[in-house]
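Everything below concerns the one structure shown next.
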Amino acid sequence: MIEQLMEEAVSPENWHTAWKAVVSNDGAPGIDGMRCSELVEHLQRHGEAIRAKLLAGRYTPSPVLRTKIPKPGGGERDLGIPTVMDRFVQQLLLQVLTPIYEPRFSARSYGFRPGRSTHDAVRQAQAYVKEGKSYVIDLDIEKFFDRVNHNLLMHRLRETVSDVRVRTLIGRYLKAGVMVNGVVQDNEEGTPQGGPLSPLLANIYLDPLDWELEGRGLAYVRYADDCNIYVGSAAAAQRVLASIIGWIEKKLRLKVNQTKSGTGPTTGRRLLGFSINARGVIAIAQKSMARFQEKVRALWRPQRHRGNEEMREEWNQYVRGWCSHFALAEEVRWVKRADGWIRRHIRKYYWQRWHCAQGRLHAFQRLGISRHHWVSARSSRGAWCMAGSPALQAAISVASLRRYGYLMPSVLLAR
DNA sequence: CTCCAACGTAC
RNA sequence: CUUGUACGUUGGAG
Ligand SMILES: Nc1ncnc2c1ncn2[C@H]1C[C@H](O)[C@@H](COP(=O)(O)OP(=O)(O)OP(=O)(O)O)O1
């Protein structure tokens, strides 16, 4: 059964879902310039030949296309974009390897895994803090995907994947090379940032780290290369940090990113866009909040070709998505509670761009919301906006977020 | 539960 | 012409 993994990979059903996945992503072409929309035709024409090559273990992937994108924190990310065909083949492998590896992975690993979310990871971290482990060792690996060691990874794969064709194909993908400015270069390490299989390979590569941490009885969560270990004291944190860095460099042959990694109280350190204080309250991390504010300002900048209704719609869909992720944070929960309360008392809501502080003040006073729960007119300028679904829920004062630690609900006039 | 579209976040 | 995995929100077809 496990000997015929490649047969399973090229089965009609797997073939079809892999094709669906690549086409629905609708990503950019690789070095051959073939678009996702052209994949259907290509598979109809060469599908059988490709299937035969895969089964014979004679398929050779193309190099990936090097594209640079800016990272949120500054710096550049080197993407490696495989051709649409190679993304399809990797998708075939991903779909058969995932059910094999999923049950073997640690329960504390959350990144890139089906059925596991950032929320699950943060809630687990919160549980640790509530147990009194309010110091964290935050480990981040330097250029993680780009530095994955081929030999080590292939050894890992040998332990669980018996089908040689699958293993050699993965090996070829790792060594497929990159095209930079039209010139193909060899690569001796790394798995491409942009390969459908890369996230799974990354988890396979870091799997021993999970077992090492669990073996040491440490309380931790891991999301891709971002590993957070929770301990009860600053001294323990320092001790564990040094020891784990050594282990990672020796056993995993990876460098720990010294600038991103460190130890400290959980308050002020960020985990997946959140921060957790000593009492276990989850808040929006400063960096994520800053990004949000930046985006809000851009969204609200008046533009000629953009009408008011259009702006409002754009804003609503952005905030809906944003709030769905940060719904775990206390600030957003507070707004939602306030919204429920406001809904019960007011039928009509109003969307406004510029401040109208007096009107709001009166509205709040009529509603019995006390003064310290809202913002001064000075700090609110230009920053009032509506949160949530088109039906509206509450307004948020971006300017006051950090000062008060909560999102401010605001209510408004009739339409 | 599967699939389609739009959008958001994490890495 | 910005790739990938995963999760989530809204809407739609079964
Ligand atoms: N947009 C993306 N597309 C594809 N892969 C990504 C993307 N973002 C992150 N990854 C993958 C590849 C990264 O090696 C890995 C960890 O991300 P991240 O820690 O942000 O950067 P990095 O480890 O490559 O560099 P560094 O940590 O040194 O800044 O997750």
Side-chain angles (χ1 to χ4, degrees), chain A residues 13 16-17 19-31 33 35-36 64-73 76-84 86-88 90-91 93-95 97-98 101-102 105 109-123 125 140-141 143-145 173 178-179 191-204 206 221-228 257 260 270-274 284-285 287-289 291-292 295-296 299 313-329 332 336 387-391 393:
Chain A
E13 203 180 285
H16 188 252
T17 53
W19 166 71
K20 285 269 183 206
V22 173
V23 168
S24 62
N25 274 344
D26 196 29
I31 58 166
R35 300 168 179 286
C36 286
V64 295
L65 177 64
R66 168 70 77 249
T67 303
K68 295 187 188 278
I69 60 168
K71 281 198 227 181
E76 284 181 331
R77 160 163 280 118
D78 288 340
L79 296 183
I81 305 175
T83 63
V84 170
D86 284 327
R87 295 210 291 267
F88 167 74
Q90 287 196 37
Q91 190 71 40
L93 296 180
L94 176 68
Q95 285 165 6
L97 288 172
T98 298
Y101 274 102
E102 261 313 302
F105 286 150
S109 164
Y110 295 89
F112 311 135
R113 294 185 59 188
R116 292 168 161 260
S117 63
T118 52
H119 287 192
D120 298 330
V122 173
R123 283 209 191 89
D140 192 275
I141 287 148
K143 299 232 170 287
F144 175 41
F145 277 34
Y173 268 115
V178 285
M179 189 163 107
T191 181
Q193 303 193 35
L197 198 54
S198 294
L200 178 66
L201 295 180
N203 273 335
I204 293 168
L206 288 193
V221 296
R222 181 170 74 77
Y223 194 98
D225 69 333
D226 199 352
C227 194
N228 282 34
N257 189 328
K260 283 194 190 172
R270 83 184 236 116
L271 169 65
L272 307 173
F274 299 94
I284 302 165
K287 279 181 188 172
S288 302
M289 201 62 239
R291 265 180 235 165
F292 176 67
K295 177 75 180 180
V296 168
L299 227 49
E313 197 46 51
E314 219 172 313
W315 164 251
N316 277 338
Q317 69 184 12
Y318 175 69
V319 174
R320 191 206 301 140
W322 188 86
C323 282
S324 71
H325 182 258
F326 286 103
L328 204 59
V332 174
K336 288 192 171 169
S389 67
Q393 320 183 349

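Small disclaimer: the values here were computed from a predicted structure and weren't measured. Chain naming here is simple, since letters A, B, ... match the order of the sequence lines and numbering starts at 1 in each.
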Exercise. Of A:Lys68 and A:Pro199, whose nearest nucleotide on RNA chain C comes first from the 5' end?
Worked result: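 It is A:Lys68 whose nearest nucleotide is closer to the 5' end.
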
For this session: Assign each of A:Pro70 and A:Pro114 to its nearest nucleotide of RNA chain C by heavy atoms, then name whichever residue's nucleotide is nearer the 5' end.
Result: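 Between the two, 5'-proximity favours A:Pro70.
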
Can you check the [X] [atom1] to [N] [atom2] distance for me, whole Å?
X        : N     : atom1 : atom2 : value
A:Phe145 : C:U3  : CZ    : P     : 16 Å
A:Leu197 : C:U5  : CG    : C1'   : 10 Å
A:His16  : B:dC4 : NE2   : C1'   : 13 Å
A:Asp26  : C:G4  : CG    : P     : 9 Å
A:Lys20  : B:dC4 : NZ    : P     : 5 Å
A:His119 : C:A6  : NE2   : C1'   : 13 Å
A:Arg35  : C:C1  : CZ    : P     : 8 Å
A:Asn203 : C:A6  : CG    : P     : 11 Å

Just to confirm, is there a sub-4.0 Å distance from OP1 or OP2 of [N] to any side-chain nitrogen or oxygen of [X]?
X        : N    : value
A:Asn25  : C:G4 : yes
A:Ser117 : C:A6 : no
A:Gln91  : C:U5 : yes
A:Arg87  : C:G4 : yes

Indicate every side-chain donor-acceptor pair of residues 191-203 of chain A with a distance under 3.5 Å to a residue at least two apart or in another chain.
{"unit_1": "A:Thr191", "atom_1": "OG1", "unit_2": "A:Ser198", "atom_2": "OG", "d": "2.9"}
{"unit_1": "A:Gln193", "atom_1": "OE1", "unit_2": "A:Arg77", "atom_2": "NE", "d": "2.8"}
{"unit_1": "A:Gln193", "atom_1": "NE2", "unit_2": "A:Asp146", "atom_2": "OD1", "d": "3.3"}
{"unit_1": "A:Gln193", "atom_1": "NE2", "unit_2": "A:Asp146", "atom_2": "OD2", "d": "3.3"}
{"unit_1": "A:Ser198", "atom_1": "OG", "unit_2": "A:Pro192", "atom_2": "O", "d": "2.6"}
{"unit_1": "A:Asn203", "atom_1": "OD1", "unit_2": "A:Arg222", "atom_2": "NH1", "d": "3.4"}
{"unit_1": "A:Asn203", "atom_1": "OD1", "unit_2": "A:Arg222", "atom_2": "NH2", "d": "3.4"}
{"unit_1": "A:Asn203", "atom_1": "ND2", "unit_2": "A:Gly111", "atom_2": "O", "d": "2.9"}

Heavy atoms only, 4.0 Å cut-off, all strands: where does [X] land among base, sugar-phosphate and nothing?
X        : answer
A:Gly115 : sugar-phosphate
A:Gly111 : nothing
A:Glu76  : nothing
A:Leu79  : base
A:Ser198 : nothing

For this session: Using the test salt bridge (charged side-chain N to carboxylate O under 4.0 Å, His left out), find all partners of A:Lys143 that sit at least two apart in sequence or belong to another chain.
Result: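 For A:Lys143, no residue satisfies salt bridge (charged side-chain N to carboxylate O under 4.0 Å, His left out) once neighbours in sequence are set aside.
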
According to side chain to side chain donor-acceptor pair (under 3.5 Å), who are the partners of [X], at least two apart in sequence or on a separate chain?
X        : answer
A:Arg66  : none
A:Lys287 : none
A:Tyr173 : A:Asp86
A:Thr17  : A:Gln95

Exercise. In terms of ring plane angle, is the pair A:Phe105 and A:Tyr101 parallel, tilted or perpendicular, where the classes change at 30° and 60°?
Worked result: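 Geometry flag for A:Tyr101 against A:Phe105: parallel rings.
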
Problem set entry | side chain to side chain contact (heavy atoms under 4.5 Å, CB included) partners of A:Val84, counting only residues at least two apart |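 With sequence neighbours excluded, A:Val84 shows a side chain to side chain contact (heavy atoms under 4.5 Å, CB included) to A:Val22, A:Met34, A:Cys36, A:Leu39, A:Arg87, given in chain and number order.
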
Exercise. For every nucleotide of nucleotides 5-11 of chain B, 5' to 3': is a protein heavy atom under 4.0 Å from its base (B), only from its sugar-phosphate (S), or from neither (-)?
Worked result: S-SSSBB

Short N/O separations, protein against nucleotides 11-14 of chain C, under 3.5 angstrom:
none

Exercise. Do A:Phe274 and A:His325 have their ring centres less than 6.0 Å from each other?
Worked result: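 Yes, the ring of A:Phe274 comes within the 6.0 Å limit of the ring of A:His325, centre to centre.
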
Exercise. What are the two closest non-hydrogen atoms of A:Asp225 and A:Leu206, and how far apart are they?
Worked result: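 Of all heavy-atom pairs spanning A:Asp225 and A:Leu206, the closest is CA-CD1, 4.0 Å.
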
